[in-house]
Structure formats: C-alpha cells, structure tokens
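First comes the structure, then the notes that go with it.
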Amino acid sequence: MNEEYDAIVLGTGLKECIISGLLSVDKKKVLHVDRNNYYGGESASLNLVQLYERFRAGAAPPPSLGPSRDYNVDMVPKFMMANGKLVRVLLHTDVVKYLEFKAVDGSYVLQKGKIHKVPANDSEALRSPLMGLFEKRRARNFFLYVQDYDEADPKTHKGLDLHRMTMAELYKYYDLTEDTQDFIGHALALHRDDAYLTQSALPTVLRIKLYHESLFRYEGLNSPYLYPRYGLGELPQAFARLSAVYGGTYMLNQPGVEVLYENGVAVGIKNGADVARAKLVVGDPSYFTDKVRVVGKVVRAIAIMNHPIPNTDNAHSVQIILPQKQTGRKSDMYVFCCSYAHNVAAKDKWLAFVSTTMETANPEAELSAGLALLGPVEEKFIEVRDICEPLDDGTKDKAFISKGYDATTHFETTVDDVLDMYRRITGRDLDLSAKEPVQVEA
C-alpha cells in the first residue's frame with residue numbers, strides 16, 4: 001500500500017467501480033479500497049441471510065423463502081436503457097463480456113387508479129386505453145416529429161426552436177391533453193417531477209428519442225429496458241475485473257481507511273501506519289462526510305412475493321411509474337420487479353421494490369400507492385437513505401465525490417454523474433461512440 005498512485009478510489013459502489021475501470025483503461029495506476037469485505041457499497045446485491053442481517057439483525061429467514069444463496073437482492077434496484085449511457089459505457093470498456101442480460105418484460109404507468117402497459121409497438125398503441133382515438137392521432141403526429149427530429153438538420157425542426165420553446169408550449173402546439181402529457185413526460189422521458197414543463201423542450205425531446213431508440217435497439221423488445229442475470233451486484237464486480245486486468249490494485253475489508261489532506265488538498269489515504277499517496281482521490285459520500293450535504297432522502301421497500309405483480313400479464317420483470325399527479329405527490333414513485341427467471345430469487349419467487357423521494361416524516365405511508373399494486377407479500381423491508389451531494393466539484397481539492405443514488409429505477413441519472421466526474425478528473429469527455437450491441441435474451 002505504501003506506494004504512489006495516479007488515483008485512489010474509495011468504495012466499490014457502481015459509480016466508483018466504473019471510474020476505477022475507466023481510469024485503469026486510460027493506463028492510470030489505480031488503488032481501489034473499500035472498508036467493507038464485499039463489493040458494491042450502497043449498490044450491493046445481498047443474499048437472503050445478508051438481507052436479514054441488514055434489516056432484522058438476529059432473525060433467520062423462514063425456510064419457505066428458499067435457499068439464501070439463490071437470492072441477489074439489489075439495494076439500489078435499477079434497469080438499463082437498451083441504448084442508454086450505461087450500456088454504451090459497458091460496450092466502450094468491453095465489460096459486457098463479463099455479463100449476461102435479459103430483456104425486461106414490460107413498462108407500465110399508473111393513470112386514473114389503474115396501471116397500463118406503455119405500448120411497445122403499433123398494435124399495442126392502437127389497443128391502448130391510455131388515449132382516446134382522436135388523442136392517439138394527435139400523439140402520433142407528436143411522436144413522428146420527435147422521431148424525425150435531428151438537432152443538426154433544421155429541416156426536421158418544422159420551424160420550431162426547441163431551445164427557446166418550453167415543453168409545455170410544445171405539448172400545446174400538438175394539442176395534447178394533460179393525461180397524455182403526464183404519460184409522455186414521466187413514462188417515456190422519465191422526468192421525476194413536472195419542473196421540466198417550464199424548461200427548454202429540447203432535453204425532453206432527446207429523452208423521448210432515447211426511449212424510442214432503446215425500444216427498437218433489439219428485435220422483439222416489450223420495453224426499452226435490460227437487466228443483468230444475478231442482479232446489479234454483477235456490475236461493480238465486472239468493472240472491478242476490468243480495472244484489475246489493466247493493473248488496478250484492490251483492497252477490501254479496510255475499515256480504518258481515511259483520506260489524507262495536505263493544505264486542504266487530498267493527497268492520498270492512510271490506514272493505520274500505512275500511507276498511499278495519489279494525485280487525486282475519488283469516492284462515495286460516506287468517505288467524505290465533511291465535504292457533502294444531504295439534499296433529500298429516498299425511501300425504498302423491498303418485498304418478496306410468490307407471484308408476479310397483478311395486471312402485468314404474469315411478467316417476470318416490469319417497471320411501473322406512478323407520476324406525481326396520479327398520487328397527489330411532488331415527485332414520482334417507482335415500482336421495480338424481477339424474479340427467479342433473472343437468478344435473483346429462489347424458484348417461483350419474485351422481488352418487488354417500491355421507491356420514492358421522501359416528502360413527509362412517515363416513509364412507509366408515502367409508499368402506500370406503490371405497495372397497493374403488489375398484491376400479497378411474504379416479506380417486506382423498508383429502508384430510508386440520505387441522498388448526498390458534494391459541496392465542491394473536486395477540481396481544487398482533488399477530492400472527487402459521487403452523488404447518492406436517487407429513487408429512479410433506471411440508470412440514466414447515475415451514469416450522468418459518472419460521466420461528469422470523469423470529465424472533471426480527466427479534463428475530457430468519454431467517447432461513447434456506438435459499438436456492436438450487447439447480447440440480450442428475450
């Protein structure tokens with residue numbers, strides 16, 4: 001450990017492992033340290049015994065749930081957009097060779113108390129009760145415009161300046177109803193609240209294009225999402241393997257590790273009598289408690305069930321988005337479901353997660369609308385986590401700190417943070433030029 005490095009990374013959460021892998025590929029000498037004796041940090045996947053140790057210390061899982069080793073329960077459950085930034089990072093680094101993916105069976109949205117499948121093809125769109133016949137015609141014109149829109153080609157703009165026009169104005173231009181706006185903004189563009197309506201329309205149009213591109217990235221997809229076999233805990237470990245292949249050094253189970261500062265600048269770490277020096281230090285907020293602030297809290301429920309979520313066509317994997325207006329909240333709620341088909345639970349068991357940004361002092365009550373969709377559950381665990389953000393960007397003190405994980409059930413905001421950290425650390429953008437798509441099992 002008593003050596004000089006280009007970078008020291010603290011914590012083996014997904015964000016830290018991606019940064020470690022990217023810097024190693026850039027031929028940087030990287031030391032990666034974690035106080036825990038397992039990979040994943042806040043974004044770890046736990047077996048059943050570990051899950052009970054975390055939430056019900058001293059209690060043993062009931063035999064009815066099946067073998068502990070069959071479970072890989074994500075602590076930060078999220079799906080990947082098939083053409084999203086995380087998949088492109090996986091392709092860029094060739095980490096895909098360490099992973100197997102399954103397509104997610106469906107994406108759903110809550111509207112007027114019922115959940116509806118987000119259409120994945122023309123025939124589903126025609127049958128969908130999300131819109132009436134005339135509204136479908138107006139929406140079709142809107143989607144054709146979005147599909148054809150190319151920022152570099154003014155002919156596709158149809159005289160509309162999406163930099164100046166707000167999203168509310170674009171919706172009004174196509175005469176879309178409030179319910180349709182709700183569905184598009186939250187289930188397709190994946191906004192967490194309605195603040196986007198008064199902002200430039202361009203980012204939302206690009207988000208809708210990403211949804212469409214992800215949906216048609218692979219033949220026969222019923223949703224734009226992918227999920228790895230054996231859970232998301234495979235992702236940090238895959239990037240850790242990448243870093244090791246390129247010479248990165250890993251040290252787990254180092255509970256006493258501390259950041260070393262000189263004149264207010266991070267210059268390395270110390271662990272007892274051992275000191276490792278580096279040009280910069282990267283880590284999750286738990287290693288920099290005096291350099292971060294709490295900006296919110298996420299409440300998540302984990303449920304173990306012996307059945308799929310009702311009204312989802314017996315799906316093994318789904319996302320359900322509950323837009324804020326549908327539940328009378330200030331931000332959206334998310335339901336994420338996967339099953340034994342993904343090697344994350346025992347035979348004939350499903351895992352469901354409900355998450356949202358806390359708005360009151362009663363977290364479980366806040367999740368009631370999402371929990372009500374699940375049907376009977378065998379076990380349920382509730383957890384509240386702080387969302388932390390760094391006070392500074394790291395360019396002056398050389399302490400580059402990741403943000404906490406939000407309530408969303410997709411990875412776009414997570415990877416935005418990673419790419420921003422990479423830009424600040426290296427001074428350049430990561431090249432995510434398209435490569436051959438990953439192999440996906442339907």
Side-chain angles (χ1 to χ4, degrees), residues 10-17 32-79 98-100 227-241 250-257 283-287 297-306 316-317 336-355 363-364 367 374 377-386 402 404-405 407 409 411 414:
L10 299 176
T12 53
L14 177 60
K15 294 182 181 183
E16 289 70 40
C17 286
H32 202 149
V33 180
D34 197 313
R35 63 168 69 95
N36 299 311
N37 61 359
Y38 56 85
Y39 287 97
E42 191 179 337
S43 53
S45 295
L46 306 182
N47 63 35
L48 199 56
V49 169
Q50 291 170 327
L51 188 69
Y52 271 75
E53 285 173 355
R54 178 166 175 148
F55 290 98
R56 296 179 189 166
S64 60
L65 296 182
S68 171
R69 65 178 180 274
D70 289 351
Y71 285 82
N72 292 289
V73 184
D74 298 331
M75 292 297 97
V76 183
K78 292 180 186 285
F79 291 133
Y98 302 123
L99 301 163
E100 296 177 58
Y227 184 72
R229 282 187 178 276
Y230 306 102
L232 297 174
E234 293 293 291
L235 289 171
Q237 293 188 62
F239 279 101
R241 287 189 204 112
Y250 273 77
M251 296 177 66
L252 300 181
N253 201 22
Q254 305 295 314
V257 66
D284 71 52
S286 70
Y287 291 89
K297 294 178 183 291
V298 171
V299 54
R300 292 188 181 93
I302 302 168
I304 302 175
M305 312 186 301
N306 59 8
H316 282 283
S317 54
F336 171 110
C337 180
C338 51
S339 77
Y340 66 94
H342 305 85
N343 304 96
V344 295
K347 176 72 173 166
D348 296 327
K349 301 294 181 185
W350 276 255
L351 300 176
F353 305 82
V354 185
S355 59
E364 187 168 354
L367 297 176
L374 304 185
V377 304
E378 294 185 86
E379 289 287 352
K380 181 175 67 180
F381 309 89
I382 306 286
E383 182 173 50
V384 175
R385 299 300 294 259
D386 289 340
S402 61
Y405 295 90
T409 48
F411 271 112
T414 299

Taking every non-hydrogen atom, the tightest pair across [X] and [Y]:
| X | Y | result |
| --- | --- | --- |
| Cys338 | Tyr227 | SG-OH, 3.9 Å |
| Ala407 | Val298 | N-CG2, 3.8 Å |
| Ala346 | Tyr340 | O-CB, 3.2 Å |

Practice problem: Identify, with sequence neighbours excluded, every residue that meets side chain to side chain donor-acceptor pair (under 3.5 Å) alongside Arg229. | Solution: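 Per chain and number, Arg229 pairs via side chain to side chain donor-acceptor pair (under 3.5 Å) with Asn343, Glu441.
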Practice problem: Please identify each residue that fulfils side chain to side chain donor-acceptor pair (under 3.5 Å) with Glu53, with sequence neighbours left out. | Solution: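 Here no residue qualifies.
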Less than 4.5 Å apart, side chain to side chain, heavy atoms only: is that true for [X] and [Y]?
| X | Y | value |
| --- | --- | --- |
| Arg35 | Ser286 | yes |
| Asp284 | Glu42 | no |
| Lys78 | Leu232 | yes |
| Leu48 | Ile304 | yes |
| Glu378 | Leu65 | yes |

To the nearest 0.5 Å, what is the distance between [atom1] ([X]) and [atom2] ([Y])?
| X | Y | atom1 | atom2 | value |
| --- | --- | --- | --- | --- |
| Tyr39 | Arg241 | OH | CZ | 9.0 Å |
| Phe411 | Tyr405 | CZ | OH | 7.5 Å |
| His32 | Thr12 | NE2 | OG1 | 5.5 Å |
| Tyr52 | Glu379 | OH | CD | 3.0 Å |
| Ser355 | Leu367 | OG | CG | 8.0 Å |
| Leu235 | Thr414 | CG | OG1 | 10.5 Å |

Identify, with sequence neighbours excluded, every residue that meets side chain to side chain contact (heavy atoms under 4.5 Å, CB included) alongside [X].
| X | answer |
| --- | --- |
| Pro285 | Val292, Cys388, Ile401, Ser402 |
| Cys337 | Ile309, Val318, Trp350 |
| Pro236 | Leu14, Cys17, Ser43 |

Quiz prompt | Cationic tip of Arg300 above Phe336 ring, under 6.0 Å, 45° of axis | solution =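 Verdict for Phe336: no cation-pi partner in Arg300.
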Self-check item: side chain to side chain donor-acceptor pair (under 3.5 Å) contacts in which one or both residues fall within residues 61-73, not counting sequence neighbours
Solution: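 Side chain to side chain donor-acceptor pair (under 3.5 Å) check on residues 61-73 returns Asn47-Ser68.
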Self-check item: CA sep, side-chain torsions, deciding dist, call: Leu51, Met75, side chain to side chain contact (heavy atoms under 4.5 Å, CB included)
Solution: CA-CA 9 Å; Leu51 188 69; Met75 292 297 97; 3.7 Å; yes
Quiz item: Under 6.0 Å between ring centres, would you say that holds for Tyr98 and Phe239?
Solution: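 No, they do not, as the ring centres are separated by 6.0 Å or more.
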Practice problem: Start with the C-alpha distance between Gln237 and Tyr230, add both sets of side-chain angles, then the distance that settles side-chain hydrogen bond (donor to acceptor under 3.5 Å, both in side chains), and finish with yes or no. | Solution: CA-CA 12 Å; Gln237 293 188 62; Tyr230 306 102; over 6 Å; no
